[in-house]
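A quick write-up on the structure given underneath.
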2 protein chains.
Amino acid sequence: MPEDVNGPQSGSSTECRAELPVLDRGVVHERADAARNRLRVLAAAERLFAARGVAGVTMDDVAAEAGVGKGTLYRRFGDKGGLAVALLDAREHELQQRIISGAPPLGPGAAPGARLAAFTEAYLSLVAAQLDLVLLSETSTPGARFRTGAFAFWRQHCRYLLSGAGTPQADLRADLLLAGLTAEQVRHWLDDERRDLATLAAGLAAAALALARPAR
Amino acid sequence: MPEDVNGPQSGSSTECRAELPVLDRGVVHERADAARNRLRVLAAAERLFAARGVAGVTMDDVAAEAGVGKGTLYRRFGDKGGLAVALLDAREHELQQRIISGAPPLGPGAAPGARLAAFTEAYLSLVAAQLDLVLLSETSTPGARFRTGAFAFWRQHCRYLLSGAGTPQADLRADLLLAGLTAEQVRHWLDDERRDLATLAAGLAAAALALARPAR
DNA sequence: GCATGAAGCGGACTCTAGTCCGAATCTCGC
DNA sequence: GCGAGATTCGGACTAGAGTCCGCTTCATGC
């Protein structure tokens, strides 16, 4: 396991540091060739994934399409999951912004319960829209899910809202809610059980509220 | 993906068919050599896993230790996860029996909420006791978790209890609760966050009850 | 400019899961 | 018993993820 996963790469999130853990791994000095290759790889991966599906693309394919060696790929992104994380970065960041400074009920201003329900629906739809990538990012390595910066953000947000709602053991319940929003689980509901996304979102939002209610 | 995963192998669960989906794939005719090899493989796997840990054992190792070809291994168990499922079979079956015909609050007789809490704790401790095997069985293949017979049992049981408690969307919430009991999640709580098993059990049982409460 | 050391590069290599198919073995009807 | 046909066996083979390390390229101080 490399220590440099997603090195300098998400270089646009510095506001909001005080409140929530948004990562901006030091935007130290990225060498020109490194930057060029990073962009090439990301573009190549996006192209290939779109064309052949995430499962139909090997790391060799990505390296070849990007005109880069495999070593470069791995030095940069750690593993296949790291590549997925990098590709998801923009979308996740956008949702993070809506949470931090967007309009209620997702953004600040609404009651914690309402915000939690809104978050549940918004996050579910992000996952559903990028199912394969999220799945890859969560399962490439055991426990990968818990190690991404994005996860830390979602968890922290849920904990905050649950605490605000007076929920006992907010930490645990935040994890429980997020466990239900795993790509694997969402895929199961959507594909295997053929549930309707909107209905699922409503059901999960209701469940989140049940979880949030303070002890009687 | 083979179609014969875990063929004739869990040949001891026929009672309780009416109430819950316990699988006993036809105990048709297992050839003598096949039976001998199945036992050898299971014994070899148990030995190796105990000695070197699940992660430190390859399928080649198991085949060699069992004195059997790799083809045999795969024909029999489908993949590494199938082997784990077979190894877990006995333990899971025992819990299933306690649920079906054991003493309350786990067994019949107690109120649905109490049974749900008891199930949560009992299942959590089963998972914790066999973390590596359960992890393997759940993650060897995407969606593997949802395909095992054992999972169908746990889910059905939770659905039944939640319905009995008057919970809206019992199906969805059963899945949500079980999502919090995946090996990945449990491992995270136990190993990464170093939570205490007993406290975790209590917290999850409480969360299960919150999930179970009927809409106000 | 240019020397120099650090960072980045890339492709050959390893390791393991999973597949395939000819050969061996078993079961059943006679 | 015994032959026929299906089932099982087993090890060589494939594919793809991830590692390694000598070579190249860059950025900085002079």
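In what follows, chains carry the letters A, B, and so on, assigned in the order in which the sequence lines appear, proteins first and then strands, with residues in each chain numbered from 1.
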Next on the checklist: If the cut-off is 4.0 Å, is A:N37 near the phosphate of C:dG8, judged by side-chain N/O to OP1 or OP2?
Outcome noted: no
Checklist outcome for this item: Here the distance between atom C1' of D:dA17 and atom CG of A:L83, to the nearest Å, is 13 Å
Next on the checklist: Check this for me: does any side-chain nitrogen of one of B:E92 and B:R98 sit under 4.0 Å from a carboxylate oxygen of the other?
Outcome noted: no
Next on the checklist: Between P on D:dG18 and CG on A:D60, what's the gap in Å once rounded to a whole number?
Outcome noted: 11 Å
Checklist entry - Within less than 4.0 Å of OP1 or OP2 of D:dT8, is there a side-chain N or O belonging to B:T72? => result no
Next on the checklist: Under a 3.5 Å cutoff, is there a donor and acceptor pairing between the side chains of B:D192 and B:H188?
Outcome noted: yes
Checklist entry - Is any NZ, NE, NH1 or NH2 atom of the basic residue among A:E193 and B:R155 found under 4.0 Å from an Asp or Glu carboxylate oxygen of the other? => result yes
Checklist entry - Which part of the nucleic acid does B:A63 contact within heavy-atom distance under 4.0 Å: base, sugar-phosphate only, or nothing? => result nothing
Item to check | Out of D:dA17, D:dC9, C:dG8, whichever nucleotide has its closest atom nearest the side chain of A:D33 | outcome: C:dG8
Checklist entry - Between B:T58 and C:dT16, is there a side-chain N or O to OP1/OP2 distance below 4.0 Å? => result no
Checklist entry - Do B:T141 and B:D79 pass the side-chain contact (heavy atoms from CB on, under 4.5 Å) test, and can you show the C-alpha distance, the side-chain angles, and the key distance before you say yes or no? => result CA-CA 9 Å; B:T141 252; B:D79 64 7; 3.7 Å; yes
Next on the checklist: In this structure, how many angstroms lie between the C1' atom of D:dG18 and the CG atom of A:L73, rounded?
Outcome noted: 11 Å
Next on the checklist: Given D:dA27, D:dC9, D:dG18, identify the nucleotide with an atom nearest to the side chain of A:Y74.
Outcome noted: D:dG18
Checklist entry - When the distance from CZ of A:R52 to P of D:dG16 is rounded to whole Å, what number comes out? => result 10 Å
Next on the checklist: Without decimals, in angstroms, what is the distance between B:R75 CZ and C:dC21 P?
Outcome noted: 14 Å
Item to check | For atom CZ of B:R36 and atom P of D:dT8, their distance in whole Å | outcome: 13 Å
Checklist entry - To the side chain of A:K70, which of C:dG8, D:dA17, D:dC9 is closest? => result D:dA17
Item to check | Length of the CE-P vector between A:M59 and C:dC15, whole Å | outcome: 20 Å
Item to check | Euclidean distance, atom CZ of residue B:R40 to atom P of D:dG10 [Å, nearest integer] | outcome: 8 Å
Ignoring hydrogens and angles, write down the donor-acceptor pairs under 3.5 Å from the side chains of residues 45-55 of chain B, residues two or more places apart or on other chains.
from, atom 1, to, atom 2, distance (Å)
B:R47, NH1, B:E65, OE2, 2.4
B:R52, NH2, B:D61, OD2, 2.8

Item to check | Proximity to the side chain of B:D79 - top-ranked nucleotide from D:dT8, C:dG18, C:dG10 | outcome: C:dG18
